[in-house]
Structures are given as C-alpha cells and as structure tokens.
Amino acid sequence: MSISPTINSELIYQLKLEFQLGWDSIHGIRHWKRVRENGLFLAEGTGADIKVIELFAFLHDIKREDEGYDPQHGERAAAFATSINNDILMLEQSQLALLNEACFYHHKGRTDGPLTARICYDADRLDLARVGIIPDPQYLCTKKAKQKKVIDWAVERSREY
C-alpha cells in the first residue's frame, strides 16, 4: 500500500510493525490519512514543506502507548523518526529537525513556531471531532484553519471515524 511517494509501502510496513494501538484505533491510519489531507489543504500556496507535513501525519502518534493520556508520545515519535531517517525517510537535517519539532510539540498546545510545524499542529487538531471535541480556533495556528468553514469541513470528516 502506497499513499504517495513519501508515504510509501516501505514506510507503511514499518509503521505496522511499530504501532501498538491497532491499525483501526482512534489514533490509527484513518486519523493519519485525515491529518495528511488536512495538512495538504492547509499548506496550499504557503511554501510549507509538504514532505514534512505528510510524514508528520503518519508519525506523530506512531509511538502512542495509550488511547487517552500519553504525555511522552510526541517525544517518542520524534526519536522514532530520527531512528528511521537514514534508512526510510531520507530527510535532510533541517527537515528532520522540523519533523521532530512538530512531533514533539503537537500535543502540548503549542501555537507558535515555523509555518510547517504550525500547519502540522492544525492538521492534527482539526481531526479532534473523532473523539467528540470541536476544534477551538483559539488553539489553532493558521488563519486558514481558524475559518469556520474549514473547521466545519474537518469536523464532518472526523465524524466519519
């Protein structure tokens, strides 16, 4: 299964080996696909790093050990990204640093930082309706994500869980 040149069958295989919560869990592949779609939509015309956004979508929750409270999962995801970079991800150091920053901070309520990281945070937060939370514009980072029509679009998709 390949989703894009970045999210290829080799990466998907590795993710299946690593993910502990179940492929169809609330933090599983359907969530990752929606986060990717959200991120690509938010990134249109911004100059943000699309490869980092795609990888964030599929890696940010990869090391979750619990569906609920797991305050270290972002740090573990960043470490995992680093561990597979030379063999699978093939990111430049600046891209890896950006991916690690986005993974590390995505669940900590951060709303500042580089544009690509902010788009990653928004892409994930726009999928909160899958767990019954409507995204609050106060916690979104980009003008596009804060638009009511964008939030409504994301909420509708999230509820398809």
Side-chain angles (χ1 to χ4, degrees), residues 1-7 11-12 15 18-19 21-78 80-81 89 91 95 97-161:
M1 164 205 282
S2 255
I3 293 171
S4 74
T6 300
I7 310 301
L11 177 60
I12 296 289
L15 298 179
E18 293 293 326
F19 191 56
L21 298 181
W23 209 235
D24 291 321
S25 70
I26 62 169
H27 289 98
I29 192 161
R30 288 179 293 198
H31 168 58
W32 304 341
K33 286 179 177 180
R34 285 189 304 271
V35 171
R36 177 182 173 269
E37 187 175 334
N38 292 346
L40 294 176
F41 172 73
L42 294 173
E44 287 175 358
T46 67
D49 191 317
I50 299 301
K51 188 171 186 177
V52 169
I53 290 167
E54 283 193 284
L55 289 170
F56 168 83
F58 278 73
L59 293 173
H60 73 285
D61 284 336
I62 191 64
K63 287 297 186 172
R64 269 192 166 276
E65 297 172 352
D66 188 285
E67 289 283 22
Y69 187 70
D70 187 352
Q72 303 301 316
H73 78 277
E75 290 90 332
R76 290 191 302 271
F80 175 68
L89 305 182
L91 295 173
Q95 290 176 301
L98 191 53
L99 176 61
N100 285 343
E101 180 175 346
C103 286
F104 189 95
Y105 290 109
H106 82 275
H107 58 94
K108 299 183 186 299
R110 188 167 179 184
T111 57
D112 63 349
L115 175 63
T116 297
R118 289 184 287 127
I119 288 172
C120 291
Y121 306 151
D122 283 353
D124 186 36
R125 292 171 191 161
L126 284 171
D127 199 43
L128 285 170
R130 79 189 192 288
V131 293
I133 300 169
I134 303 301
D136 184 338
Q138 174 182 342
Y139 301 108
L140 297 172
C141 311
T142 62
K143 288 180 183 179
K144 192 171 186 178
K146 292 179 182 191
Q147 295 175 10
K148 183 181 180 335
K149 67 181 179 180
V150 171
I151 293 171
D152 291 346
W153 166 78
V155 164
E156 188 64 33
R157 291 175 47 255
S158 292
R159 289 186 173 154
E160 296 170 0
Y161 171 70

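Because the structure is a prediction, the values reported are computed rather than measured.
- Using a 4.5 Å heavy-atom threshold, the side chains of F56 and D124 count as touching.
- In this structure, L140 CG and Q147 CD are separated by 11.0 Å, a value rounded to the nearest 0.5 Å.
- Closest approach of I26 to R130, counting heavy atoms only: O-NE, 2.6 Å.
- The shortest distance between side-chain heavy atoms of N38 and V150 does not fall below 4.5 Å.
- When the shell of 6.0 Å around NZ of K108 is examined, it contains more than 12 heavy atoms from other residues, nucleotides or ligands.
- Looking only at side-chain heavy atoms (C-beta outward), Q95 and L55 stay at 4.5 Å or farther from each other.
- At most 12 heavy atoms of other shown residues, nucleotides or ligands fall within 6.0 angstrom of atom CD in E156.
- The pair E101-R110 counts as a salt bridge, with a side-chain nitrogen and a carboxylate oxygen less than 4.0 angstrom apart.
- No hydrogens or angles considered: nothing links the side chains of H73 and D66 as a donor-acceptor pair under 3.5 Å.
- Within a 6.0 Å sphere centred on OH of Y139, other residues, nucleotides and ligands contribute 12 heavy atoms or fewer.
- At least one cation-pi condition fails for R36 and W32: the charged atom is not both under 6.0 angstrom from the six-membered ring centre and inside a 45 degree cone around its axis.
- One distance of note links CG of L15 with CD1 of I29; it measures 8.0 Å at 0.5 Å rounding.
- Residues D49 and L99 form no side-chain contact, since every pair of their non-hydrogen atoms from C-beta on lies 4.5 Å or further apart.
- Within the 4.5 Å cutoff, side-chain heavy atoms of S25 are placed close to those of F19.
- The two residues A81 and L59 have their closest heavy-atom pair at CB-CD1, 4.1 Å.
- Ring geometry, H27 versus H31: the interplanar angle exceeds 60°, so the pair is classed perpendicular (tilted spans 30 to 60°).
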